[in-house]
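We name chains A, B, ... by the order of the sequence lines, and we start the count at 1 in each one.
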2 protein chains.
Amino acid sequence: MSKTLNKNYPLPMYYQLKELLREQIAAGEWQVGDMVSSERELSEQHNISRMTARQALKELTTEGLLYRVQGKGTFVAEPKIEQKLTRLTSFSEDMGTRGFDSGGRVLRLELISPSTLVCRALQITPDRQIVLLERLRLAEGEPIALEICHLYFNNVDKLLNENFEDHSLYNILRQQYKILPTRAEQQVEASLCSQREQHLLNIKEGSPVLRNRRVAFSQWERPFEYTESVYRADRYVFQVELGTA
Amino acid sequence: MSKTLNKNYPLPMYYQLKELLREQIAAGEWQVGDMVSSERELSEQHNISRMTARQALKELTTEGLLYRVQGKGTFVAEPKIEQKLTRLTSFSEDMGTRGFDSGGRVLRLELISPSTLVCRALQITPDRQIVLLERLRLAEGEPIALEICHLYFNNVDKLLNENFEDHSLYNILRQQYKILPTRAEQQVEASLCSQREQHLLNIKEGSPVLRNRRVAFSQWERPFEYTESVYRADRYVFQVELGTA
DNA sequence: ATACTATATTGGTATAGACAACTAGACAAT
DNA sequence: ATTGTCTAGTTGTCTATACCAATATAGTAT
C-alpha cells in the first residue's frame with residue numbers, strides 16, 4: 001500500500017486512484033507497455049471494491065493513458081498526442097522512404113528573450129528567457145519544412161546541451177524533463193514563401209507554402225511550446241481526422 | 001417495453017441497449033436537448049439492473065451522443081462532427097460578422113456520373129449517379145471559398161429539389177434523409193489558384209489558396225460525401241485541436 | 001516435439017442494494 | 001417578495017458477489 005486513499009474525503013475514491021495512477025506513471029514507475037496492477041490487486045491494496053478500482057482503470061483507458069486486454073492485463077499506452085503530432089510530419093515521408101524521419105539540420109539553438117506574440121502563446125512575462133530551436137526538416141535528403149520552436153519551462157536552458165539531430169524533441173522532453181505533451185492547438189494557412197524560406201527549402205520564388213502555428217500543452221495544462229512551421233506545398237499534405245479520434 | 005433486449009445472446013445487454021438507444025435517437029424519438037429515459041426507467045422497462053442501464057448511458061456519453069447532468073437527467077447532445085465541421089467554416093467569419101453563415105450562391109446542382117476518383121472516395125461503382133453541388137461561400141458579402149460536393153446515398157436525386165441557399169446541407173441530410181455524419185477524413189494542402197478560381201474568388205492571379213479534400217462517413221460507416229474546397233488564403237485559417245478531441 | 005488438459009489470473013458482464021449529491025417544484029414561514 | 005424546508009426524482013459513488021471469456025502457464029499424454 002504505497003499511498004493510502006482518503007476515504008470520506010471530498011474527492012471520490014475512484015478519482016483519487018486515477019490521480020495516483022497518473023502520478024505513478026508520470027514518475028516512471030511503469031513504462032510504456034508495462035502492465036499496471038490488476039483490478040483485484042488494486043482493490044486489495046487500497047481496500048476498495050473491485051468495481052471501484054475498475055472504474056478508475058476504465059476511465060484512464062478511455063482517456064487514452066492505458067489500454068486493456070482481456071485475460072492479460074492493463075498496460076500503459078503510447079502517449080496519444082505524440083502519435084498525432086508525429087503522424088503529421090511522417091506524412092511527409094510517404095514517398096518511399098521509411099523510418100529515418102526526425103532528421104533535420106539544426107540551424108539555431110539559443111537562449112533568447114521572447115517577443116510579445118510568443119509571450120502570449122506561452123503565457124509568460126517578457127523577462128523570462130526561452131529557448132529557440134530552428135530546424136530544417138528533411139525527407140529523402142530534400143528539405144521539406146522549416147520549423148522554429150519556442151520552448152519554455154523549468155530549467156529550459158539545459159536544452160542547449162541536447163542533441164536534436166539524433167533524438168526527437170518530444171522524447172527528450174518526456175524522458176529528461178518529465179514533460180508530457182497532452183494537447184495542442186494548431187492553425188494552418190496557405191501563403192507564399194519568403195526569400196529566406198525559398199532558399200532554405202530550395203523552391204522557386206513565389207511558390208505556395210503551408211504555414212503552421214502550434215501551441216502544445218503539458219500534462220499540467222501549461223503551454224510549453226510555440227512552434228511555427230513552413231512546409232513545401234508540393235511535398236506535404238496535412239491530414240486531419242474528425243470525429244472518432 | 002418498446003423492444004425487448006435478448007438475454008443470453010452473444011451481445012451483452014448493455015451493448016444491445018446502446019444500439020437500441022442509438023436507433024431511437026436516429027429515428028427522432030428524442031431530439032437534440034431532450035431528456036432520454038432515466039436509469040431507473042430503463043432498468044425497469046428492460047428488466048436489467050440499474051448499473052447495466054447506467055453503463056450503456058455512460059458509454060454513449062463518452063462517445064458524445066449524450067450528456068448527463070446530476071440531479072436532472074440524461075440528454076441528447078449536439079452532433080460532434082457537425083460542430084467541428086462548421087467550426088472550420090465559421091472561422092472564416094471571425095472578422096466581425098456573426099450568424100448568417102451557411103450562405104453562399106449555388107453554382108451547380110445536378111445529377112452526374114462520378115469520376116473514378118469520386119467512385120473510390122464514395123466506394124461506389126461508376127454506373128451509379130451522384131449529385132454534384134457546387135457553391136460559392138460568402139462572408140460579409142465577399143467570396144471566401146469554392147466548394148464542390150459529391151453526394152451519394154439512397155434517393156440522392158431528391159436533393160435536386162432542396163434549397164441550399166437557406167438551409168445547411170448537413171441539416172437537410174439529418175432531417176430529411178436520416179443521415180448522421182459521424183466521422184470525416186480531411187486533407188489540407190496549399191497551392192496556387194486556377195484561373196477559374198481566381199475569377200470566382202475575386203483574387204489576383206498567382207494567389208495562394210488552401211485546398212481541402214474531405215470524405216464524410218455516416219452512422220453506418222458509409223461514405224456519403226466527397227468534397228473539394230478551395231479557400232482564399234488571405235481570409236481563411238484552418239484550426240485544429242489535437243488531443244482532447 | 002506436439003497436443004492436450006487443468007488451473008490460475010486477468011478483464012468483461014451483470015445483479016442488488018445502499019447512500020450521497022444535486023435539481024426542481026411545492027409549500028410554509030418570515 | 002424573500003427565504004427556508006421538505007419531497008420526489010435524477011445521476012454519482014461504492015460495496016459485495018457471482019459468473020463468463022480470454023489468456024498464460026505448468027504439467028501430462030501422445
Side-chain angles (χ1 to χ4, degrees), chain A residues 1 3-22 24-25 29-30 33-77, chain B residues 1 3-22 24-25 30 32-77:
Chain A
M1 196 183 314
K3 200 172 175 184
T4 52
L5 305 185
N6 238 332
K7 194 147 277 186
N8 66 358
Y9 253 157
L11 297 166
M13 304 290 293
Y14 81 93
Y15 188 85
Q16 295 180 48
L17 179 54
K18 275 175 69 177
E19 290 305 310
L20 176 58
L21 289 168
R22 253 197 274 266
Q24 289 176 322
I25 290 169
E29 201 149 321
W30 295 294
D34 286 358
M35 176 181 169
V36 305
S37 307
S38 74
E39 298 177 350
R40 289 174 177 83
E41 279 174 0
L42 288 173
S43 71
E44 288 173 12
Q45 281 173 23
H46 301 103
N47 255 308
I48 57 180
S49 102
R50 185 189 149 205
M51 289 302 283
T52 303
R54 180 178 175 73
Q55 181 173 3
L57 291 175
K58 200 175 176 191
E59 293 197 2
L60 288 175
T61 298
T62 69
E63 288 172 23
L65 188 61
L66 304 174
Y67 65 93
R68 330 189 70 192
V69 183
Q70 184 172 159
K72 294 183 71 172
T74 303
F75 306 86
V76 179
Chain B
M1 195 184 313
K3 200 172 173 181
T4 54
L5 305 185
N6 240 332
K7 195 146 275 183
N8 66 2
Y9 250 159
L11 297 166
M13 304 290 293
Y14 81 92
Y15 187 86
Q16 295 180 47
L17 179 54
K18 274 175 69 177
E19 289 305 309
L20 176 59
L21 289 168
R22 254 197 273 266
Q24 289 175 321
I25 290 169
W30 296 295
V32 169
D34 286 357
M35 177 181 169
V36 304
S37 307
S38 74
E39 297 176 349
R40 284 181 176 87
E41 278 174 359
L42 288 173
S43 72
E44 289 172 9
Q45 282 172 23
H46 300 104
N47 257 307
I48 56 180
S49 97
R50 186 192 148 205
M51 290 300 283
T52 302
R54 181 178 175 73
Q55 182 173 3
L57 291 174
K58 200 175 177 192
E59 293 198 1
L60 288 175
T61 298
T62 69
E63 289 172 22
L65 188 61
L66 303 174
Y67 65 91
R68 328 189 72 193
V69 182
Q70 183 173 155
K72 294 185 70 174
T74 305
F75 306 86
V76 178

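With rounding to the nearest 0.5 angstrom, the CD atom of B:Q55 is 4.0 Å from the NZ atom of A:K58. With values rounded to the nearest 0.5 angstrom, B:E59 atom CD is found 11.5 Å from B:L66 atom CG. One distance of note links CZ of A:R68 with CE of A:M35; it measures 10.0 Å at 0.5 Å rounding.
If you take CD of A:Q70 and C1' of D:dC19, they are 13 Å apart, rounded to a whole angstrom. In this structure, B:L11 places its CG atom 13 Å from P of D:dA21, rounding to the nearest Å. One atom, CE of B:M35, and another, C1' of C:dT23, lie 11 Å apart when rounded to the nearest Å. Atoms CD (B:E39) and P (C:dA14) sit 16 Å apart, rounded to a whole Å. Atom C1' of nucleotide C:dG11 and atom CE of A:M51 are separated by 11 Å, given to the nearest angstrom. Taking atom CD of residue A:E44 and atom P of nucleotide C:dT10, one finds them 9 Å apart after rounding to whole Å. The NZ-P distance, from A:K18 to D:dC14, rounds to 12 Å in whole Å. The interatomic distance linking B:R50 (CZ) with D:dG12 (C1') rounds to 7 Å, in whole Å.
The phosphate of C:dT15 has OP1 or OP2 within less than 4.0 Å of a side-chain N or O from B:T52. Dashed line: the shortest gap from a side-chain N or O of A:Q55 to OP1 or OP2 of D:dT13 is under 4.0 Å. Remark: B:S49 is not in phosphate contact with C:dG17, judged by side-chain N or O atoms under 4.0 Å from OP1 or OP2. For A:T74 and C:dT10, the shortest distance from a side-chain N or O to OP1 or OP2 is not below 4.0 Å. Taking side-chain N and O atoms only, A:K72 has no distance below 4.0 Å to OP1 or OP2 of C:dG11. Proximity of A:R40 to the phosphate of C:dT10: no side-chain N or O atom is located under 4.0 Å from OP1 or OP2. For the pair A:S38 and C:dT10, the criterion of a side-chain N or O lying under 4.0 Å from OP1 or OP2 is met.
Put simply, the side chain of A:R68 and the base of C:dG12 share no donor and acceptor less than 3.5 Å apart.
Using a 4.5 Å heavy-atom threshold, the side chains of A:Y14 and A:I48 count as separate.
Across the interface with DNA chain D, nearest-nucleotide mapping of A:E59 and A:G71 shows A:E59 to be the residue nearer the 5′ end.
No more than 12 heavy atoms of other residues, nucleotides or ligands sit less than 6.0 Å from atom OH of B:Y15.
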